[in-house]
Amino acid sequence: MLKIKAHQLTAFVLFIIVIGTYVLMALKYPFAYIYATYEDLIGEWAQFYFFLLTLIFSVKLAFSKSRYKWFFILLGIACFYVIMEEISWGQRIFGWKSPEFFRARNLQGETNLHNMITGPYSTTLKAALEYIVSGGLLCYGVLYPAVLKLQWRAAEWLDKKGLAAPPLYLWPFFITASFLELGFFNFNEAEVAEILIGLALSAMTLHYVYSPADPLSDMNHTILWSSRDSNRLAFRMIVGAITVIALAAVTTYALQTSPLNKAKIERR
């Protein structure tokens with residue numbers, strides 16, 4: 001009989017809490033849903049802090065002896081880019097004006113790169129990127145760990161070359177985020193997808209940091225977690241999630257104490 005470990009159950013419960021909360025808000029409390037998804041509000045700051053947490057753990061793993069260290073170096077760089085883009089490289093916090101280059105080319109007039117090709121408007125390029133991201137989430141977050149579990153040669157070759165796979169128990173995050181990225185409901189659900197991705201990646205890096213396995217061994221499809229190790233990881237997952245939500249709430253409140261920032265947020 002397959003026994004579910006504490007950290008696996010915790011990840012699933014966190015997933016249910018996130019999805020259940022957003023579904024409830026979307027159906028019953030639309031204003032709360034907006035507050036939890038739109039820019040400079042609690043949902044977007046939660047994304048920021050989940051990616052920041054992933055960056056912190058990626059840096060730790062980059063200095064390990066694991067064969068995955070180069071993967072985590074790249075993941076850390078990617079997370080740094082994401083969190084800086086989320087705050088428009090400081091503009092959202094300090095409120096400085098965008099240079100003329102970005103005012104002329106950025107769809108939101110902000111100092112970031114991603115809104116030069118995507119933004120609050122539907123474009124062919126944006127739709128294509130959504131499908132690419134959706135497919136990437138499915139392939140990396142669901143298909144790759146599944147075939148690695150089945151010991152397919154191609155997957156094992158990638159693993160030996162240093163492509164770290166997400167723990168298979170995180171598949172609900174990736175498959176749901178993949179669906180939400182496509183925006184079928186036109187209710188800004190891509191923001192919910194980004195929270196799921198940030199939470200999944202932070203849980204993944206936490207898994208690797210605190211794995212009881214030898215860092216040179218395969219940590220995803222052969223390791224047997226003891227109850228003690230599993231409980232410790234579960235506790236850290238919970239603490240991490242609570243810390244992120246608390247920081248997101250405090251940051252949102254702090255920004256709204258400024259009349260200028262509050263006015264910008266309300267206009268959005």
**Request:** Before giving the answer on side chain to side chain donor-acceptor pair (under 3.5 Å), spell out for Tyr68 and Asp159 the whole-Å C-alpha distance, their side-chain angles and the decisive distance to 0.1 Å.
**Result:** CA-CA 8 Å; Tyr68 307 120; Asp159 178 74; 2.7 Å; yes
**Request:** Report the C-alpha separation of Lys69 and Leu61 in whole Å, then their side-chain angles, then the decisive distance to 0.1 Å, and conclude whether the side-chain contact (heavy atoms from CB on, under 4.5 Å) test is met.
**Result:** CA-CA 6 Å; Lys69 64 182 299 181; Leu61 288 162; over 6 Å; no
**Prompt:** Is there a side-chain contact (heavy atoms from CB on, under 4.5 Å) between Val244 and Leu199 once you walk through the steps?
**Reply:** CA-CA 10 Å; Val244 164; Leu199 179 52; over 6 Å; no
**Item:** Test side-chain contact (heavy atoms from CB on, under 4.5 Å) applied to Thr37 and Leu41, step by step
**Value:** CA-CA 7 Å; Thr37 54; Leu41 297 174; over 6 Å; no
**Request:** Report the C-alpha distance between Phe72 and Val59 in whole Å, list the side-chain angles of each, state the deciding distance to 0.1 Å, and finish with yes or no for side-chain contact (heavy atoms from CB on, under 4.5 Å).
**Result:** CA-CA 7 Å; Phe72 288 110; Val59 170; over 6 Å; no
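In this structure, Ile77 is not a member of the same hydrophobic cluster as Ile56, with clusters built from ILVMFWY side-chain heavy atoms closer than 4.5 Å. Both Ile197 and Phe184 sit in one connected hydrophobic cluster of ILVMFWY residues. Membership requires side-chain heavy atoms under 4.5 Å apart, directly or through other members. Cluster membership for Ile175 and Ile195, using ILVMFWY side-chain heavy atoms within less than 4.5 angstrom, is shared. Hydrophobic cluster membership differs between Val147 and Trp157, with clusters built from Ile, Leu, Val, Met, Phe, Trp and Tyr side chains linked at under 4.5 angstrom. Hydrophobic clustering (ILVMFWY, side-chain heavy atoms < 4.5 Å, transitive): Leu182 and Val133 are in one cluster.
The side-chain contact (heavy atoms from CB on, under 4.5 Å) search around Leu9 returns Ile4, Val13, not counting sequence neighbours.
Within the 3.5 Å criterion, the main-chain N or O of Phe50 finds a donor-acceptor partner in the side chain of Thr54. Side-chain N or O atoms of Ser134 include none that pairs as donor or acceptor with a backbone N or O of Glu130 at under 3.5 Å. A distance-only check finds no donor-acceptor pair linking the side chain of Tyr22 to the backbone of Glu189 [under 3.5 Å]. Judged by distance alone, with hydrogens and angles left aside, the side-chain atoms of Glu85 form no donor-acceptor pair with the main-chain N or O of Val82 at under 3.5 Å. A side-chain donor-acceptor contact under 3.5 Å links Asn231 to the backbone of Ser227. Side-chain atoms of Glu181 never come within 3.5 Å of backbone atoms of Tyr131 as a donor-acceptor pair (strictly under, hydrogens ignored). No donor-acceptor distance shorter than 3.5 angstrom exists from the side chain of Gln47 to the backbone of Gly198, with no hydrogens or angles considered. Using modelled atom types, one side-chain atom of Thr205 and one backbone atom of Leu201 make a donor-acceptor pair closer than 3.5 Å.
Separating the CG atom in Leu74 from the CG atom in Leu163 is a distance of 10.5 Å, to the nearest 0.5 Å. With values rounded to the nearest 0.5 angstrom, Ile238 atom CD1 is found 11.5 Å from Thr243 atom OG1. Between atom CD1 of residue Ile42 and atom OG1 of residue Thr252 there is a gap of 5.5 Å, rounded to the nearest 0.5 Å. With rounding to the nearest 0.5 Å, the separation of CZ in Arg153 from CG in Leu158 is 14.5 Å. The line from OG1 of Thr21 to CD1 of Ile16 is 10.5 Å long, rounded to the nearest 0.5 Å.
Nearest heavy atom pair, residue Met237 against residue Thr10, reads CB-CG2, 4.1 Å. Heavy atoms only, all atoms of each residue included: Tyr144 and Ala165 are closest at CE2-CB, 3.4 Å. Summarising the geometry of Ser202 relative to Phe57, their closest heavy-atom pair is O-CD1, 4.4 Å, with the distance given to 0.1 Å. Leu55 approaches Gly76 most closely through the heavy-atom pair CD1-O, 3.1 Å. Closest approach of His7 and Ser230 over heavy atoms only: ND1-OG, 2.7 Å. Looking at every heavy atom in both residues, Ser178 comes nearest to Leu138 through OG-CG, 3.2 Å.
Note: Phe12 and Tyr169 fail the aromatic proximity criterion, with ring centroids not under 6.0 Å apart. The aromatic ring centroids of Phe51 and Phe80 lie 6.0 Å or more from each other.
Pro166 has its side chain within reach of Phe174: a pair of non-hydrogen atoms, C-beta onward, lies under 4.5 Å apart. The closest side-chain heavy-atom distance from Glu194 to Phe48 is not below 4.5 Å. Between Leu27 and Tyr33 there is no side-chain heavy-atom pair separated by less than 4.5 Å. Counting heavy atoms from C-beta on, the side chains of Met25 and Pro30 never come closer than 4.5 Å. Under the 4.5 Å side-chain criterion, counting only non-hydrogen atoms from C-beta, Leu196 is in contact with Ile19.
Around the NZ atom of Lys5, the shell of radius 6.0 Å holds more than 12 heavy atoms that belong to other residues, nucleotides or ligands.
Screening Val209, Leu75, Ile73, Leu53 for a side chain to side chain contact (heavy atoms under 4.5 Å, CB included) involving Ser58 leaves a single residue, Leu75.
The aromatic rings of Phe15 and Phe173 lie perpendicular to each other, with more than 60° between the two planes, well past the 30° mark. Aromatic ring orientation, Tyr49 versus Trp45: tilted (interplanar angle from 30° to 60°).
Remark: Arg232 is not positioned above the aromatic ring of Tyr210, lacking an NZ or CZ atom under 6.0 angstrom from the ring centre and at most 45 degrees off the axis.
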